[in-house]
Amino acid sequence: MSRYEKIWETVRQIPYGRVATYGQIASIAGMEGHSRLVGYALHALKSAYKVPWHRVINAKGKISLAGPTERIQRKLLEAEGISFSQSRRIDMKLFQWNKTGS
DNA sequence: CATATGACGTGAC
DNA sequence: AGTCACGCCATAT
């Protein structure tokens with residue numbers, strides 16, 4: 001299993017209505033500190049893998065994309081009940097996925 | 001083989 | 001909250 005597949009498997013576990021950060025995914029997938037790989041893995045993602053990529057955001061609670069894709073991701077998240085602040089920021093306290101908790 | 005670049009994180013200011 | 005510098009690693013050229 002490649003590192004990408006491991007990452008995709010982890011992202012697939014994020015529950016509806018929750019979000020996770022790149023670093024968080026990296027940790028759970030067993031590669032702490034390699035947050036960049038997560039971003040790279042998602043970038044290389046193909047639609048066929050059915051991964052909720054929109055639930056992955058950066059540590060500051062913001063969408064790391066620019067352009068048309070950003071709007072799509074925001075829309076998908078809002079559709080799951082996740083709210084954004086005026087500065088396009090998500091309240092991590094409320095929506096970040098915690099394996100133990102929910 | 002050497003460089004540049006990118007869906008990032010953390011710490012410092 | 002916004003910016004910078006630096007660390008990390010896989011791909012592309």
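Keep in mind it's a predicted model, so treat the numbers as computed, not measured. All values below come from the heavy atoms of this structure, side chains included, with hydrogens, waters and symmetry mates left out. Letters go in sequence order (proteins before strands), and every chain restarts at 1.
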Q.
Does any part of the side chain of A:Ser64, heavy atoms only, come nearer than 4.5 Å to the side chain of A:Tyr22, both counted from C-beta?
A. yes
Q | Least distance between heavy atoms, A:Gln73 atom then A:Ile57 atom | A | NE2-CG2, 4.0 Å
**Q.** Protein-nucleotide distance (A:Arg74, atom CZ; B:dA7, atom C1'), rounded to Å
**A.** 16 Å
Q. What is the nucleic acid contact for A:Ser35, judged by heavy atoms within less than 4.0 Å: base, sugar-phosphate only, or nothing?
A. base
Q. How many Å lie between NE2 on A:His43 and C1' on C:dC8, as a whole number?
A. 18 Å
**Q.** Selected nucleotide, minimal atom distance to A:Leu37 side chain, candidates B:dT10, B:dA7, C:dA10
**A.** C:dA10
Q: Nearest-nucleotide wise, let me know which of A:Ile57 and A:Tyr40 is further upstream toward the 5' end of DNA chain B.
A: A:Tyr40
Q | Spacing of A:Leu42 atom CG relative to C:dT11 atom P, expressed in whole Å | A | 14 Å
Q) Looking only at heavy atoms, what is the nearest atom pair of A:Trp8 and A:Ala41, with distance? A) NE1-O, 3.1 Å
Q. So which nucleotide does B:dC8 pair with, by the Watson-Crick or G-U wobble rule with both distances under 3.5 Å?
A. C:dG7
Q: Starting at atom OH of A:Tyr22, determine the distance to atom C1' of C:dC9, rounded to an integer number of angstrom.
A: 16 Å
Q. Within less than 4.0 Å of OP1 or OP2 of C:dA10, is there a side-chain N or O belonging to A:Arg3?
A. yes
Q | A:Glu32 atom CD: more than 12 heavy-atom contacts under 6.0 Å | A | no
Q: Assign each of A:Lys60 and A:Trp53 to its nearest nucleotide of DNA chain B by heavy atoms, then name whichever residue's nucleotide is nearer the 5' end.
A: A:Trp53
**Q.** Which residue lies more 5' along DNA chain C, comparing A:Lys62 with A:Gly33 via nearest heavy atoms
**A.** A:Lys62
Q: Write down the distance between CD1 (A:Ile28) and P (B:dC8), rounded to a whole number of angstrom.
A: 18 Å
(Q) Just the rounded figure in Å: distance from P of B:dA7 to CG of A:Leu76. (A) 18 Å
Q: Please examine the side chains of A:Glu9 and A:Glu5, heavy atoms only from C-beta on, and report whether any two atoms are closer than 4.5 Å.
A: no
Q: Send over the distance from A:Ile7 CD1 to C:dC9 P, rounded to a whole Å.
A: 13 Å
Q.
Taking 4.0 Å as the cut-off, does a side-chain nitrogen or oxygen of A:Arg89 come that near to OP1 or OP2 on C:dA1?
A. yes
Q. How close or far is atom C1' of B:dC8 from atom CE of A:Met92, stated in whole angstroms?
A. 13 Å
Q: Using a cut-off of strictly less than 4.0 Å, decide whether A:His34 has a side-chain nitrogen or oxygen near OP1 or OP2 of C:dC8.
A: no
